[in-house]
S.K.: 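The following block contains the structure, expressed as structure tokens.
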Amino acid sequence: MITYALRRLLLLGPVLLVVATVAWLAVFVLPGDPARLLAGQTADPEVIARVRADWGLDAPPWVQYGQYLSRLAHLDLGRSYVDRRPVTTILLEHLPASLVLAISAVTLALLMGLVCGTLAALHRGTWIDATVLGGSLLGLSTPVFWLGLMLVLALASSRGLGWFPVSGYGPVGAPSFHLAGLPIRLPSPANLILPALTLALVSAGSLARMTRSAILDVLRQDYIRAARGRGLSAWRVLGRHALRNALIPVVTFAGLDLAALVGGAIATESVFAWPGLGKIVVRAIHARDLPLVEGSILAMTTGFVLVTLLVDLSYGWIDPRTRTH
Amino acid sequence: MPRARASTSLSMPAAVLTAAPTGAARAAGSVSLRVGAILVALVLGMALIADWVTPYRYDEIVTSRAEIPPTSPDSRHWLGTDALGRDLLTRVVHGARISLEVGLGGEFIAVLLGMIMGCLAGWRGGWVDAACMRLVDVVLAFPVPLVVLAVVAAVPDAGSLPLIGRLPHPGIALISLMLGLVGWAPITRLVRAQIMAARSTAYTEAARALGAGDLRVLWHHLLPNCLSPVLVAATLGIAGNMLAEAWLSFLGLGARPPLPSWGSMILQGQGQLTLHPLVCVVPGLALALTVLGFNLLGDGLRDRLDPRLAGSTRPGPEVP
């Protein structure tokens, strides 16, 4: 288990290096001159030259690459070209919104997926099973951003029911607090519901399918028959023996599905004008704000790899058998 | 493989543990295969005859000066026009081509790479296998959407690239290439496992004893074993590629205007969602049905071709 965790941690290095390099290459492949971008289109050649020197853009590529990597090692992601503030600050400002959305969506998805999957497995072959399987396939096939827009049309727009705000994070005066010197503003619940539901529905489909087949597999095992034979009630068998064992592949799968969740979150933030990291990265790509693009993609990749690692390590907690291996 | 229904004779409430009627599940499998095949055939047909479905071009502005687009459906434009006054039906039909280009193109690259790497790893074994599998580990550790974003940010103009720039849709080709380059890893695992299992079978040894060389054994005896699972994975992969392209285009980073990608059409329709929902609803519906078709086809094929796989989740039909 420990060697496995260490191997996974070692993998973090090359993954981050490759992503950092691809993100950095942007500077040299882009047709626009970053110095001109910074100085403004009408700037004098002298001004552009000074900007180039100021931002270290006149050094040879490999020197810049070296500088870039050494800055990364010090967690310095550079300054945004557009609003000239440190990238780290901008990312930290938008991180809470993304975290709130991701945590609510995953909780919601797990709830819906586990409940529906269990129900489908217990009522295998009935209309409940068929509904869950059909619904999950629809969820898997529907593009998340379109689903979000359809939810807006049906539940938020003036043409639909108009129950929820169409987009945004809630009023500015909403409750906020400071965590480690960082101001954190929570979204208003009404604003959170639709984005969280959108993001959750996509993962819920695959989670439900996974839970269903995992429970079906577990229910066939001899120890379930033994537990029933010892006189345990059906619910006790389900809760203590079946669900706990079925959870292992489900959690593995939730880990694998993280990539889809990241992609879905970026699209969802775009649909609902949610002020998170996804919104930032798309805006930065459009504005050619290269340090911000590099920084946000790197930060999200790091988060992704770390969460994958945590999910992997959680097997040991859920399934004691894997601890010794 | 023994049917695991034997242990299901316990009585739990609410029909728990009772074996599902195999016939019903089998019927469901063949229904999904049929519905999937019909949907996929419809999309392929739509892409083939896209030029003749309507009298308009996808980038042609068809509204008169007096009309303010987007216009509502009428007898000339069955779905109305989009925000720039182009016929919506024409654009949606042409969208099938873009979606299929990325879906099939990306998956072709992924399958090709995956088969080569999987054969190498499974056949050679030893350090070649170890190296291939570590590479697979690294590729699978990448969050695909973020890598794709990084590449798109790095190459804002695919037309300036060598080779790709000469293709009719350089941006679309770049996206296909990227999806292929990140999509081969799971195929490699599949092929490797199949090759390893088939390598030590009696028929492989017989072929070798008869003097067949490595390539002949691989091509005639081992690869045919991999085709079913690869076909299933590829069908599902096509659906994933289509969703990925639409996702990028929706973020404004995929197909360039005026290309009628379903994703960019949804993006353009977002602004008029309340007043002219059709502009947004129809391309999304087309995309969802197409992806659903490929997903159903993949599921149905799995049940049909690989009863062992199907048996772990649901009883599949017995294949002769």
Side-chain angles (χ1 to χ4, degrees), chain A residues 11 14-15 18-19 22-23 25-26 29-31 122-126 129-130 133 137-138 140-146 149-150 152-153 157-159 213 216-217 219-222 224-225 228 234 237-238 258-259 262-263 266-267 270-271 281-282 285-286 288 290 293 297 300-301 304-305 308, chain B residues 4-8 10 12-21 24-25 28 32 137-138 141-147 149-157 160 239 243-244 246-247 250-253 263 266 269-270 273-274 277 280-281 283-284 287-289 291-292 295-296 299 312-314:
Chain A
L11 210 57
V15 168
V18 173
V19 172
V22 171
L25 274 176
V29 188
L30 267 184
L122 296 186
H123 299 275
R124 188 184 184 186
T126 64
D129 191 16
L133 281 180
L137 196 63
L138 275 181
L140 280 173
S141 308
T142 311
V144 53
F145 47 91
W146 186 69
L149 288 172
M150 292 305 105
V152 166
L153 186 62
S157 72
S158 51
R159 196 181 258 261
S213 64
L216 284 179
D217 275 350
L219 287 182
R220 290 168 181 153
Q221 304 296 322
D222 286 339
I224 298 288
R225 192 212 289 261
R228 285 290 287 157
V237 171
L238 187 70
L258 268 177
V262 171
I266 294 173
S270 226
V271 169
V281 68
V282 175
I285 293 177
H286 281 299
R288 303 217 174 150
L290 301 171
V293 174
I297 289 183
M300 288 162 84
T301 309
F304 171 86
V305 180
T308 317
Chain B
R5 287 195 286 138
S7 62
T8 53
L10 304 166
M12 273 183 89
V16 179
L17 296 185
T18 52
S32 71
D137 279 349
V138 172
F142 277 113
V144 174
L146 295 177
V147 180
L149 278 188
V151 175
V152 170
V155 191
D157 180 22
S160 61
L243 282 178
W247 174 77
F250 175 76
L251 295 176
L253 304 168
I266 296 172
Q270 192 183 355
L273 185 64
T274 311
C280 207
V281 171
L287 175 61
L289 283 175
V291 173
L292 181 70
N295 277 337
L296 281 172
D299 269 10
S312 64
T313 52
R314 75 194 88 146

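Only this structure's heavy atoms are used, side chains among them; waters, hydrogens and symmetry mates stay out. Being a predicted model, the structure only gives us computed values, none of them experimental. Chain letters run A, B, ... following the sequence lines, proteins first, then strands; residues in each count from 1.
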S.K.: Could you look at B/Pro145 and say if it's the side chain, the backbone, both or neither that has a heavy atom under 4.5 Å from chain A?
M.R.: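 Interface part for B/Pro145: side chain.
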S.K.: For the residue pair A/His286 and B/Gly252, what are the closest heavy atoms and their distance?
M.R.: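 Closest approach of A/His286 to B/Gly252, heavy atoms only: CE1-O, 3.4 Å.
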S.K.: Write down the atom of B/Leu287, the atom of A/Pro143, and the distance for their closest heavy-atom approach.
M.R.: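 Closest approach of B/Leu287 to A/Pro143: CD2-CG, 3.4 Å.
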S.K.: Relative to chain B, which segment of A/Met300 carries a heavy atom at a distance below 4.5 Å: side chain, backbone, both, or neither?
M.R.: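 Both backbone and side chain.
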S.K.: Kindly give the heavy-atom pair with the smallest separation between A/Ala267 and B/Phe250, and that separation in Å.
M.R.: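 So the two residues come closest at O-CE2, 4.2 Å.
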S.K.: If you look at every heavy atom in A/Leu149 and B/Gln270, which pair is closest and at what distance?
M.R.: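 Nearest pair, atom of A/Leu149 first, then B/Gln270: CD2-CG, 3.5 Å.
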S.K.: Against chain B, label A/Ile285 side chain, backbone, both or neither, depending on which of its atoms sit under 4.5 Å from a heavy atom there.
M.R.: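 Side chain only.
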S.K.: Would you say B/Leu251 and A/Phe145 make side-chain contact, with heavy atoms under 4.5 Å?
M.R.: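 Heavy-atom side-chain distance check fails, nothing below 4.5 Å.
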S.K.: Determine yes or no for a side-chain-to-main-chain donor-acceptor pair under 3.5 angstrom, with A/Trp146 supplying the side chain and B/Gly263 the backbone.
M.R.: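 A pair under 3.5 Å: no.
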S.K.: Is B/Ala239 close to chain A through its backbone or its side chain, or both, or neither, when contacts mean heavy atoms under 4.5 Å?
M.R.: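 No part of B/Ala239 comes within 4.5 Å of chain A.
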S.K.: Go through the atoms of A/Val281 and report whether side chain, backbone, both or neither lie under 4.5 Å from a heavy atom of chain B.
M.R.: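 Contact with chain B: side chain only.
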S.K.: Quick check on the interface: out of B/Leu273, B/Asn295, B/Leu296, who has the most heavy-atom pairs with chain A under 4.5 Å?
M.R.: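 The residue among B/Leu273, B/Asn295, B/Leu296 with the greatest pair count is B/Leu273.
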S.K.: Which atom names give the shortest non-hydrogen contact between A/Leu140 and B/Leu243, and what distance separates them?
M.R.: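 Shortest heavy-atom separation between A/Leu140 and B/Leu243 comes out as O-CD1, 3.8 Å.
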S.K.: Looking only at heavy atoms and a cut-off of under 4.5 Å, which of B/Ile266, B/Leu289, B/Val147 has the most pairs with chain A?
M.R.: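 The answer is B/Ile266.
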S.K.: Looking at B/Val151, B/Asp137, B/Val291, which one has more heavy-atom pairs under 4.5 Å with chain A than the rest?
M.R.: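 Highest number of pairs under 4.5 Å: B/Val291.
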